[in-house]
Amino acid sequence: MITEFLKSREAILLAALVALILLVETRFAGFAAPSNMVDVFNDTSILIILALGQMAVILTKCIDLSLASNLALTGMVVATINAAAPGVPVAALILLAIALGMVLGAFNGILVWKLDIPPIVVTLGTLTIYRGIIFLISEGAWINAHEMSAAFKAFPRAEFLTLPVLSWIALAIIALFVVLIGRTGLGRAFYAVGGNPHAAVYTGISVGFTRFAAFVIAGGLAGLCGYLWVSRYAVAYVDVAGGFELDVVAACVIGGISIAGGIGTVGGAVLGALFLGVIKNALPVAGISPFWQLAISGAAIIIAVAFNARSERTKGRVILKSAEHAT
Amino acid sequence: MSLADGTRPRHVPDHLTSRGQRVIRSWETLLVGVAVLIFLANTWASPYFLDPWNLSDATFNFTEKAMIGFAMALLIISGEIDLSVAGIIALASTAMGYALQFGVGTPGLVLIGISVGVACGAFNGVLVTRLGLPSIVVTIGTMSLFRGIAYIVLGDQAYNGYPSSFAFLGQGYVFWVITFELVVFLVLAVIYGIVLHATNFGRQIYVIGNNPTAALFSGVRVQRIKMILFLLTGLMSGIAAVCLTARLGSTRPSIAYAWELEIVTMVVLGGVSILGGAGSILGVVLAALVMGMVTFGLGLLNVPGIVMSIFIGGLLIGVIALPRLITLIRKGQI
Amino acid sequence: MQLQSNAVTSDAQAVPVLELRGISKGFPGVKALDDVSLSLYPGQVTALIGENGAGKSTLVKVLTGIYRPDGGTIMVDGAETRFQTATDASDAGVTAIHQETVLFDELSVAENIFLGHAPRSRFGLMDWPRMRRDSRRILDRIGARIDPDVMLRDLGIASKHLVAIARALSVDARVVVMDEPTASLSQTEIEELYELVERLKAEGKAILFISHKFDEVFRIADRYTVFRDGQMVGAGLLADTSEDKLVELMVGRAMDQIFPDRTPELGDEVLRVDGYCHPTEFDDIGFGLRRGEILGFYGLVGAGRSEFMQALFGVTTPSAGTITLDGERIAVGSPADAIRKGIVYVPEDRGKQGAITALPIFQNVTLPSLGRISSRGFLQMAEEFRLARKYTERLDLRAAALDQNVGNLSGGNQQKVVIAKWLATMPKVIILDEPTKGIDVGSKAAVHEFMAELAAEGLSVIMVSSEIPEILGMSDRVIVMREGRIAARLDRAELSPERLVRAAAGIEEAA
Amino acid sequence: MRLLGKITAGLTLGAALLGSTAAMAQDDDVRIALVVKSLGNGFFEAANRGAEEAAEELGNVEIIYTGPTDTTAEGQIEVINSLIAQRVDAIAVSANDPDALVPSLKKAMQRGITVVSWDSGVAPEGREMHLAPSSDELIGKTIIKLAADHLPDGGKVAVLSATSTSTNQNAWIEEMNSVMDQYPDIEVVETVYGDDLADKSYREAQGLMQTYPDLDAIIAPTSVGIVAAAQAVQDADKVGEVNVTGLGLPSEMAGAIESGASKSFAIWNPVDLGYAITMISYNLATDEAEAAPGAEIGMGRMGSATLDDNTEAAMSEPFTYDESNIDEFKSVF
């Protein structure tokens with residue numbers, strides 16, 4: 001088991017991540033300190049959660065480009081409600097955010113499932129539609145810190161056993177995903193549908209419904225992140241998390257989730273997100289101009305996809321007996 | 001006729017339906033209808049719409065994007081995609097600005113802009129065709145990489161002071177209200193239309209998009225053609241970078257931000273199948289007009305850009321979803 | 001044949017577990033199943049026999065809930081039921097080992113066995129330890145030494161097949177459908193499978209065994225049902241019939257009538273292949289091909305014939321070996337090279353590799369000849385239609401119009417389009433890989449007729465086929481491949497079904 | 001709801017509603033377009049309120065408040081093109097890029113439209129005059145003074161600037177640096193950029209506090225950056241250790257003042273700015289004044305602006321807000 005792990009994508013990615021952290025540490029002592037690592041993790045929490053949602057979708061051979069818009073829209077909705085009616089309990093708002101996110105995800109899912117429109121087209125459309133709706137709701141106005149209730153803002157940053165609640169939520173979602181992906185029929189169906197949609201039918205799995213479910217799950221997580229984002233940064237406006245959808249896809253790609261579907265692990269998605277998170281946090285600390293960040297994440301994506309493709313290359317069918325064990 | 005009933009036509013006609021029927025049923029006809037509708041609505045909604053100068057200004061809303069859209073259409077028909085086009089614009093524009101610092105003149109700037117575009121296209125092409133990587137991921141990566149390099153070079157600075165002869169490429173008028181860019185757009189539309197619809201090369205693009213394996217088995221040099229398409233997309237991005245830079249008169253790394261999505265939307269709205277294998281240049285031209293008119297018409301009503309994007313997004317999903325929805329309802333499945 | 005002696009005596013009293021009545025299923029252009037009936041009895045093996053394209057696989061899909069029939073009824077234990085999804089069928093106790101791999105490379109062996117019906121723990125979650133245990137038990141039962149935790153992609157093709165069998169056995173099924181289960185197994189594995197079938201029989205399961213290998217049908221089956229062109233043409237006890245009768249039922253006429261009479265006039269050697277090798281797929285393939293000759297390549301599925309042909313055509317690169325065409329050494333680096341030199345290939349997988357189904361007929365036909373119908377790279381539409389018409393008419397293509405999409409044609413007509421495509425390039429050597437797979441009898445005869453015509457005109461033909469009658473009826477010479485190597489070379493005079501089968505299966509002498 | 005009305009009108013594509021929209025835009029009012037960097041920014045919303053105030057005072061003025069939704073030059077160009085097409089009387093723009101807008105604005109001027117810039121300027125050839133909210137010099141001095149006032153013993157300060165695409169921040173920082181010799185005990189350790197994005201600014205502020213554990217103050221001369229920095233300081237439990245100051249909006253900074261993360265900050269009054277530029281636009285559009293070096297243009301209740309050699313003018317000094325007056329202003333803008 002251990003040697004197998006050492007050969008896996010996750011192990012290589014973990015090694016790269018540790019190497020990256022140590023590299024920054026040499027330039028700036030204290031970066032690798034546990035307290036700072038906790039901060040980095042907390043900072044990356046939202047990316048991790050979204051990457052897990054996106055992973056579910058990508059596993060089924062789809063893609064959801066509307067996640068960041070979904071996040072921004074649900075964030076604006078809960079912030080608006082909070083500003084208008086501060087009495088509504090935060091728990092209710094969180095549930096609402098998740099529910100609304102799921103509805104937005106379901107809209108994508110239903111178009112993919114019932115009308116068979118390619119996911120990239122659907123989510124390219126909803127990417128702009130959801131973002132535009134925020135403007136219609138807010139008329140472009142921001143909702144600022146002082147308009148939000150104290151409880152609304154306090155929840156994600158409240159500390160519990162030395163970790164902020166935001167980090168705990170990310171950890172909980174990771175745990176939930178380990179169970180969902182590894183231990184439920186739906187989780188395994190993601191792999192089956194993405195890996196061999198044709199064959200999935202034979203096992204009684206509905207390809208369309210499985211994809212729909214993946215979109216709904218991803219949407220729900222985006223909704224949750226909508227609340228987390230606006231409360232953490234204590235601001236809601238139209239462009240919240242603009243362009244973040246590509247960061248999320250990038251995290252998945254770096255984490256070894258195959259865009260062709262059916263391949264990927266929870267660990268990979270988390271590590272991919274953390275890799276981007278560390279880069280983002282390390283650059284300002286290590287004194288590298290933040291303008292390098294974009295190029296570095298771009299290069300990381302290309303290297304990651306090239307690397308993954310190399311290990312995924314199909315072997316073809318081996319007919320010669322002598323060759324069967326050699327390869 | 002049915003094949004099962006044993007009738008055997010001795011003579012198989014060339015076409016199943018008449019040319020007229022084919023035209024009426026085409027996606028392009030639908031787009032023409034949409035375009036006419038929007039044109040009428042705009043004319044009605046704003047007294048300023050039907051003014052040659054205004055219409056001329058409105059063309060800037062789509063000319064540069066459509067140039068890239070043509071090459072992107074070919075690429076998507078062949079089953080690939082390039083999301084790095086806006087990144088290429090940023091990098092090409094930055095290269096031109098950099099060269100400007102050394103006193104390079106207009107011809108040199110154009111050459112540099114186009115060369116950088118082609119080089120970026122080559123980079124994408126090599127990654128996709130030689131290393132066999134999925135283009136959607138590769139170009140998400142190069143999108144960040146190309147723009148990232150522009151950020152590294154420029155940071156929060158800007159290049160400006162482009163010569164006036166260069167400015168003509170983005171701001172000049174060739175004849176009355178006809179801008180230089182519009183001429184480039186029209187010429188490219190004709191060239192791409194001919195290449196896609198009337199040449200061996202164009203035919204092979206469709207074949208690859210429909211079935212790359214069968215294409216390979218039919219002697220089509222699949223990888224080579226895909227490589228050429230990436231180069232073309234890079235070339236078009238380079239040309240668009242020249243036009244846009246000339247129009248803006250300055251280069252910043254955020255230039256053409258998020259254009260890739262608008263361009264893909266334009267191409268898909270134009271009837272190009274995102275799964276590859278189908279589409280036409282006329283469709284892309286019409287989609288460009290539709291999108292340009294929608295944004296300009298709403299602009300005249302001072303509707304914010306983000307609200308226009310709801311229209312564009314809705315149009316994109318709507319025109320694809322509606323026919324399928326109707327089919328489903330007809331079949332009684334809903 | 002003694003196996004069945006005491007199993008079945010009378011037809012009348014037995015109650016079928018599963019019964020199909022008047023099932024029909026159509027697709028655009030073909031009627032895959034036309035009013036067929038079938039009964040499966042507990043503790044009995046029913047062999048379903050029929051040529052490729054007779055509707056056997058469609059029936060399997062109906063039985064397992066993948067396809068919903070257009071008409072007819074399915075009865076389980078005498079009660080009418082409907083299989084809306086694969087789960088319905090599985091719940092009714094029907095399980096299948098499909099011909100195509102319906103497995104998942106990225107999942108473990110245990111999961112491949114249990115996907116869709118995994119054991120659950122108390123909280124409704126998947127019970128991995130139990131799943132592993134059960135997998136191991138099932139794998140042991142079929143004598144497969146495979147670790148349940150291994151990823152499927154790490155297994156060879158034969159092992160994958162065993163996993164597929166294990167999957168079928170993982171449900172508590174009463175009806176087991178086996179769609180050509182021995183196609184990719186070695187002789188020892190086949191023997192093990194036979195034992196398994198016996199065991200299942202003893203457990204009282206009803207088995208539908210699909211095969212077109214008569215020896216195995218007579219060895220393990222109790223009953224037979226024969227399909228031809230989507231219709232059921234005969235059924236009964238195997239004890240009451242003979243191989244000849246079955247063949248006649250299957251093809252609908254005596255064998256010698258099907259194939260064109262030809263007296264080959266062989267010319268000079270056109271093509272010579274020496275020492276063609278590939279690291280994993282074939283080894284040391286060499287032969288000569290003469291003008292006007294039809295060279296058959298026989299072997300079991302997965303013997304490496306298609307892989308070799310694709311290397312010859314330039315799709316894959318060999319690790320060693322030479323090709324000589326018309327006395328000149330040539331290098332074939334890509335299909336484009338091969339086509340230019342005059343070697344063309346009609347692939348086995350028509351839908352994926354041969355025809356471009358979403359494009360019209362004329363575009364398919366002219367694709368490799370675009371250079372000839374264009375001037376300076378510009379297409380000449382009139383010229384294009386002229387060329388397409390010339391070759392499709394020559395093949396007697398039946399279509400509504402030349403701009404009709406190939407996907408709307410029947411399998412036989414699609415194949416004609418693919419062949420027309422290659423003839424339009426005026427090749428020297430044409431390789432036909434399973435040229436009549438999945439097409440109707442009429443088209444089949446037309447293709448055979450045409451092949452003979454081409455050879456008579458001096459074209460050299462290489463025909464890959466897994467159908468013994470076709471090999472026997474068409475070939476001037478036959479090369480038999482087994483496990484990536486040439487197992488035998490047989491002249492027309494030496495040809496017999498037994499020799500072909502023995503060479504292909506690696507049996508040196510009569511057992 | 002006017003906006004929503006227009007959208008509905010657009011949506012129906014030719015429904016009867018459109019007639020009313022067309023009629024709405026047609027009368028003899030002087031139409032002044034207030035083009036902002038991006039819609040939804042509280043600062044510009046406040047400026048719009050000032051503009052409307054001026055319009056009401058003038059009587060026959062219609063304000064078209066518009067701009068792109070993201071801070072790009074291309075977005076502004078499209079907006080300006082549509083304004084030219086509508087033949088507005090004046091365009092008053094706060095530019096996302098001083099150069100990129102020039103060609104469009106030149107075209108506007110050629111077609112007889114009065115073009116002025118405010119807040120964030122346009123290169124001189126692209127406008128008739130520019131109204132700076134304050135002078136770079138005054139702002140530069142103010143922001144360092146705000147930090148120094150609370151550091152009697154000196155200390156380390158860092159600058160969290162805005163997006164790279166606006167010129168004014170850089171000018172202010174430059175002016176600030178030129179007076180640093182007056183504060184020998186204060187060291188400016190680094191300047192970072194938050195791109196006017198809340199999350200990026202937040203991260204940059206966090207990075208600053210990690211890099212310089214003994215940091216005493218963060219100067220953020222941008223309304224987005226200062227809020228994000230204050231939030232970061234609160235989240236890092238460094239209230240009292242790190243003082244966040246700079247330029248911000250009272251409504252957005254009220255919480256930070258209350259928590260103590262920020263002791264004071266400054267801003268010019270955007271309401272006044274919107275008011276003033278509207279007055280200037282009106283005066284220029286109606287030819288009551290001409291934009292030339294040395295000219296004096298009336299700004300209604302704000303007095304008058306005197307143009308320098310670059311045809312630029314400054315409105316007034318920035319105004320400092322702290323706990324004594326924040327409650328009064330936080331509901332204003």
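On a predicted model such as this, the values are computed, not experimentally measured, just so you know.
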Inset, instruction - Walk me through it: do B:D51 and D:R87 pass the test side-chain contact (heavy atoms from CB on, under 4.5 Å)? - result: CA-CA 11 Å; B:D51 171 304; D:R87 297 184 210 121; 2.8 Å; yes
Legend entry - Region of B:L300 that comes under 4.5 Å of a non-hydrogen atom in chain D: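 It is both, since atoms from each part get that close.
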Inset, instruction - Sort B:I255 into side chain, backbone, both or neither according to what part of it lies under 4.5 angstrom from a heavy atom of chain D. - result: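 Both parts, backbone and side chain.
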Supply the atom-to-atom distance [X] [atom1] to [Y] [atom2], rounded to the nearest 0.5 angstrom.
X: D:D195; Y: B:Y151; atom1: CG; atom2: OH; result: 6.0 Å
X: D:E78; Y: B:F296; atom1: CD; atom2: CZ; result: 10.5 Å
X: B:D57; Y: D:I80; atom1: CG; atom2: CD1; result: 11.5 Å
X: B:Y159; Y: D:D99; atom1: OH; atom2: CG; result: 14.0 Å
X: D:Q86; Y: B:L301; atom1: CD; atom2: CG; result: 7.5 Å
X: B:W53; Y: D:N81; atom1: CH2; atom2: CG; result: 13.0 Å

Legend entry - Pairs satisfying side-chain hydrogen bond (donor to acceptor under 3.5 Å, both in side chains), at least one member in residues 287-299 of chain B, at least two apart: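 Listed by first then second residue: B:N61-B:T295.
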Inset, instruction - Using a cut-off of 6.0 Å, state whether more than 12 heavy atoms not belonging to D:E174 lie near its atom CD. - result: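 No.
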Inset, instruction - Could you pull out all residues at least two apart from B:E28 that satisfy salt bridge (charged side-chain N to carboxylate O under 4.0 Å, His left out)? - result: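 Partners of B:E28 by the salt bridge (charged side-chain N to carboxylate O under 4.0 Å, His left out) criterion come out as none, since no residue qualifies.
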